[in-house]
Structure formats: C-alpha cells, structure tokens
Amino acid sequence: MPTQVWINGQFFDKLDAKVSVYDHGLLYGDGVFEGIRIYSGKVFKHREHIERLYDSAKAIALTIPLTPEQMMKAVEDTVAANKKVDGYIRLIVTRGAGNLGLDPRKCEPVVIVIVDDISLYPAELYENGLEVVTSSYIRNHPNATNPRVKSLNYLNNILAKIEAIRAGCLEAIMLNHKGEVAECTGDNLFVVKHGVLKTPPPDAGILEGVTRNLVIELAKKAGVPFQEATMTRHDVYVADEMFLTGTAAEVIAVTKVDGRVVGSGKQGPITKKLRELFTKAIRE
Ligand code: PXG
C-alpha cells in the first residue's frame with residue numbers, strides 16, 4: 001500500500017496528496033510545522049510537539065481547526081494507517097488557499113500529517129563526530145520571524161545549510177543578531193567546559209527543542225552540572241566537548257568548528273554518557 005497522507009480528515013495515497021497552488025504555505029511560507037519521531041510504534045514526546053505546534057500557530061495568529069486531542073488522534077491514526085514502527089512524522093498546518101495577496105483572511109487552514117522514514121547521518125559520524133562551520137547568515141531577529149516559532153519559513157536556515165555544504169560540512173552554527181551562539185540549522189547546540197554542560201537560553205534566538213529539553217532533564221538527573229548560558233564563537237572554539245540535539249539528529253558530537261578541533265577531537269565522555277541516556281529514554 002502506498003504511504004497514506006492525512007489531509008483535513010481524509011487519507012490520500014502519497015502521489016495524490018496535494019494542496020492548492022494558492023495555499024499561502026506555498027506562496028509565502030505562511031504556516032507552522034513539527035517533526036516528530038516514532039520509536040517502537042510510539043509517538044515520541046507527542047504532547048510536547050503538539051503543544052509547541054499550537055504555540056507556534058498562536059504566535060502567528062493561525063487558528064488550527066482541530067483541538068489538540070483531535071490533532072493527536074489524527075497523528076495516531078496516520079501512524080496506524082501506515083503501520084509504522086520506527087519513523088518520522090511531519091505535521092504541517094498551512095494558512096490555506098487564499099488569493100494572490102498577503103492578506104490571510106480568506107484562507108482556510110490545511111492540516112497535513114505525513115508519516116514516513118527519516119534519514120540519519122551515517123553511523124560513523126555518531127562515533128567520530130560532525131565537522132561544522134559558523135554561518136555568515138545570522139538567526140532571524142526575534143522581532144522578525146521569531147526562531148521560537150517553528151514556521152514554514154526556513155529559508156534563513158536553508159541558506160546557512162547551503163553555506164555549510166559548500167564548505168564541505170553538514171551543519172552550520174548560526175549566531176544571533178548580537179553575535180551570540182544561537183543554534184544550528186535544525187538542531188540545538190550544547191557545549192561542555194570544565195565539566196559544566198551549557199546551552200543557549202530560549203531568548204538567544206533558538207527553537208526550544210524537545211530533544212534539547214529532554215537532554216537537559218537527563219543531564220540534571222545524572223548529576224551533570226548544567227546552565228543555560230550566553231555564548232560567543234569563542235566559547236565553542238575552546239569547548240571541551242560539543243554536541244547537537246534534534247529530532248532528526250538525536251544526539252551527535254561535534255568534533256571540529258571552523259577548522260578548530262573541539263576537545264580531544266573525539267566524542268567526549270559527557271556527550272557519550274548523554275547519548276547513552278538518550279538512547280535508553282527512547283527505548284522506554
Ligand atoms: N532548531 C531548529 C531550527 C529546528 O528546526 C531543532 C532546533 C531541534 O528541535 P527538536 O524539537 O527536534 O529537538 C529543530 C528541529 C529535518 C528536521 O528534516 C529538522 C528538525 C526536526 C525534524 C526534522 O531536517 N528540526
């Protein structure tokens with residue numbers, strides 16, 4: 001059976017799952033989304049993702065035509081229809097089809113649930129770590145399209161990603177308008193310095209990642225000293241360890257930044273420990 005995509009309450013075969021060319025999600029990137037994992041047949045951190053989706057929608061004045069409970073059921077139904085045990089859910093709410101103008105008042109929101117697979121970084125990168133560069137594109141100013149909103153407008157991040165790829169890397173660190181470290185193009189960033197785990201605070205211009213929050217919780221439980229900290233590029237250059245977190249990447253070590261070797265040049269001990277705790281958490 002082809003992949004079944006849920007659109008506004010109906011299932012469509014993948015190739016027949018379509019939206020209007022007048023949809024403001026396509027025309028203007030007007031909408032919000034979530035990326036969620038399915039581990040062992042369970043939707044991972046389902047409520048956290050749904051909550052963030054509704055917060056994102058509220059922030060852009062988009063009323064989702066379902067209650068959170070109905071949304072969760074649509075997700076569960078789509079997972080079941082696709083018989084997915086391990087996979088990836090892309091939940092999208094677009095402003096919907098309107099006319100060719102920015103005014104969203106004629107738009108009827110479209111809710112889409114896609115259940116498919118996710119491609120991981122090659123396994124050896126989880127052992128050896130990623131090399132990253134700092135992007136010349138800064139993260140969006142919080143008074144523009146706020147990074148705390150997971151909106152359909154990812155052009156800024158895509159430009160940073162292209163820059164990373166051109167530099168021979170898979171990820172880029174994005175700074176904020178003050179020159180402070182924010183996050184990567186689709187992952188949050190952590191460093192370890194003198195045994196203390198640090199990550200930028202939400203107001204540094206980041207998406208407050210579900211994986212980020214889980215890793216903080218795991219670190220605290222394991223007794224790893226932790227603080228949210230404002231950081232500059234210098235802090236990542238001189239870090240003892242560095243790693244990224246995200247639904248797609250999970251927890252992955254970074255071993256080189258702008259050509260500088262991070263710590264020992266290998267996945268560090270605290271990163272390793274947190275990766276193990278994360279792996280345990282997704283199995284539970
Ligand atoms: N920052 C940004 C800008 C993101 O887009 C994260 C941090 C991590 O958040 P979570 O909640 O996932 O821990 C994200 C999430 C993809 C993909 O296809 C990207 C994300 C999630 C899932 C898939 O590249 N980004």
Chemist: Counting only heavy atoms not in Arg47, do more than 12 sit closer than 6.0 Å to its CZ atom?
Modeler: no
Chemist: For the pair Ile173 and Val236, evaluate side chain to side chain contact (heavy atoms under 4.5 Å, CB included) and give the outcome as yes or no after the intermediate values.
Modeler: CA-CA 10 Å; Ile173 297 175; Val236 294; 4.2 Å; yes
Chemist: Mind checking whether Phe190 and Phe226 have parallel, tilted or perpendicular rings, split at 30° and 60°?
Modeler: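 Taking Phe226 first and then Phe190, their aromatic rings sit tilted (interplane angle of 30° to 60°).
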Chemist: For residues Leu130 and Leu170, determine if any side-chain heavy atom of one lies less than 4.5 Å from a side-chain heavy atom of the other.
Modeler: yes
Chemist: More than 12 non-hydrogen atoms from neighbouring residues, nucleotides or ligands closer than 6.0 Å to CD on Glu127, yes or no?
Modeler: no
Chemist: Around Tyr54, counting heavy atoms of other residues, nucleotides and ligands shown, do more than 12 lie under 6.0 Å from its OH?
Modeler: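 Yes, the 6.0 Å shell around OH holds more than 12 heavy atoms from other groups.
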Chemist: For the NZ atom on Lys193, are there more than 12 heavy atoms of other groups (residues, nucleotides or ligands in this structure) within a distance under 6.0 Å?
Modeler: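 Count over threshold, so yes.
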Chemist: Check step by step if salt bridge (Lys or Arg N to Asp or Glu O under 4.0 Å) holds for Arg148 and Asp203.
Modeler: CA-CA 8 Å; Arg148 295 182 77 173; Asp203 65 8; over 6 Å; no
Chemist: Identify the heavy atoms of Arg139 and Asn157 that sit nearest to each other, and give their distance.
Modeler: NH1-OD1, 3.4 Å
Chemist: Salt-bridge test for Glu34 and Lys150: reply yes if a basic N is under 4.0 Å from a carboxylate O, no otherwise.
Modeler: no
Chemist: For residues Glu180 and Asn176, is any side-chain donor paired with an opposing acceptor at under 3.5 Å?
Modeler: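 Yes.
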Chemist: Please name the pair of heavy atoms, one in Gln70 and one in Leu66, separated by the smallest distance, quoted to 0.1 Å.
Modeler: OE1-CA, 3.4 Å
Chemist: What do the steps show when you test Leu26 against Val19 for side chain to side chain contact (heavy atoms under 4.5 Å, CB included), and what is the final call?
Modeler: CA-CA 9 Å; Leu26 173 71; Val19 292; 5.7 Å; no
Chemist: Is any side-chain heavy atom of Ile165 less than 4.5 Å from a side-chain heavy atom of Ile162?
Modeler: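 No, their side chains stay 4.5 Å or more apart.
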Chemist: Is the NZ or CZ atom of Arg260 both under 6.0 Å from the centre of the six-membered ring of Tyr237 and within 45° of that ring's axis?
Modeler: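 Yes, Arg260 and Tyr237 form such a contact.
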Chemist: When you measure from the side chain of Asn99 to the backbone N and O of Lys106, does any donor-acceptor pair fall under 3.5 Å?
Modeler: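 No; judged by distance alone, with no hydrogens or angles, the pair does not exist.
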Chemist: Treating Gln4 as the side-chain partner and Thr78 as the backbone partner, does any N or O pair qualify as donor plus acceptor under 3.5 Å?
Modeler: no
Chemist: Hydrophobic clusters here meaning ILVMFWY residues chained together by side-chain heavy-atom distances under 4.5 Å, can you tell me if Ile92 and Ile158 are in one?
Modeler: yes
Chemist: Report yes or no: does Asp13 contribute a side-chain atom to a donor-acceptor pair with the main-chain N or O of Pro2 at less than 3.5 Å?
Modeler: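 Here the side-chain-to-backbone pair does not exist.
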Chemist: Parallel, tilted or perpendicular: which one describes the rings of His177 and His141, with boundaries at 30° and 60°?
Modeler: tilted
Chemist: Does the side chain of Leu125 reach to within under 4.5 Å of the side chain of Ile252, using non-hydrogen atoms?
Modeler: yes
Chemist: Between Met242 and Leu189, is there a side-chain heavy-atom distance shorter than 4.5 Å?
Modeler: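 They are in side-chain contact.
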Chemist: In terms of side-chain geometry, is the basic nitrogen of Lys221 or Glu217 positioned less than 4.0 Å from the acidic oxygen of its partner?
Modeler: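 Salt bridge: yes.
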Chemist: Please determine whether the number of non-hydrogen atoms from other residues, nucleotides or ligands lying under 6.0 Å from atom CD of Glu228 exceeds 12.
Modeler: yes
Chemist: Under 3.5 Å, is there a donor-acceptor pair between the Glu250 and Thr211 side chains?
Modeler: no
Chemist: Would you sort out whether Val149 and Ile60 count as a side chain to side chain contact (heavy atoms under 4.5 Å, CB included), showing the intermediate values?
Modeler: CA-CA 8 Å; Val149 174; Ile60 69 161; 3.8 Å; yes
Chemist: Ignoring hydrogens and angles, tell me if any N or O in the side chain of His46 forms a donor-acceptor pair with the backbone of Val75 under 3.5 Å.
Modeler: no
Chemist: Under 3.5 Å, side chain of Arg212 to main-chain N/O of Val210, donor-acceptor pair present?
Modeler: no
Chemist: Could you tell me which residues satisfy ring pair (Phe, Tyr, Trp, His ring centres under 6.0 Å) with His49, sequence neighbours excluded, listed by chain and number?
Modeler: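 For His49 there are no ring pair (Phe, Tyr, Trp, His ring centres under 6.0 Å) partners, ignoring immediate neighbours.
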Chemist: For Tyr88 and Tyr39, I'd like to know if the aromatic rings sit close, meaning centre-to-centre distance below 6.0 Å.
Modeler: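 When the ring centroids of Tyr88 and Tyr39 are compared, they turn out to be at least 6.0 Å apart.
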Chemist: Run Leu197 and Leu274 through side chain to side chain contact (heavy atoms under 4.5 Å, CB included) and show every step you take.
Modeler: CA-CA 11 Å; Leu197 180 69; Leu274 291 171; 4.0 Å; yes
Chemist: Among all residues two or more places apart in sequence or in another chain, which pass the side chain to side chain donor-acceptor pair (under 3.5 Å) test with Asp23?
Modeler: Thr94
Chemist: Look at atom NZ of Lys256 and say whether more than 12 heavy atoms of other residues, nucleotides or ligands are closer to it than 6.0 Å.
Modeler: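 Not more than 12 within 6.0 Å, no.
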Chemist: Run the numbers on Glu171 and Lys161 for salt bridge (Lys or Arg N to Asp or Glu O under 4.0 Å), then give the verdict.
Modeler: CA-CA 6 Å; Glu171 258 307 334; Lys161 186 86 167 181; 3.3 Å; yes
Chemist: Quick one: CD1 on Ile112 to CG on Leu91, what's the gap to the nearest 0.5 Å?
Modeler: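 With rounding to 0.5 Å, CD1 (Ile112) is 9.5 Å from CG (Leu91).
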Chemist: Rounded at 0.5 Å granularity, tell me how far OG in Ser20 sits from CG in Leu27.
Modeler: 7.5 Å
Chemist: Have Asp258 and Thr134 got a donor and an acceptor in their side chains that come within less than 3.5 Å?
Modeler: yes
Chemist: Measuring only between side-chain heavy atoms, which start at C-beta, is Met174 closer than 4.5 Å to Ile138?
Modeler: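 No, too far: nothing below the 4.5 Å cut-off.
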Chemist: If you compare all heavy atoms of Val224 against all heavy atoms of Gly195, which two are closest, and at what distance to 0.1 Å?
Modeler: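 Closest heavy-atom pair between Val224 and Gly195: CG1-O, 4.4 Å.
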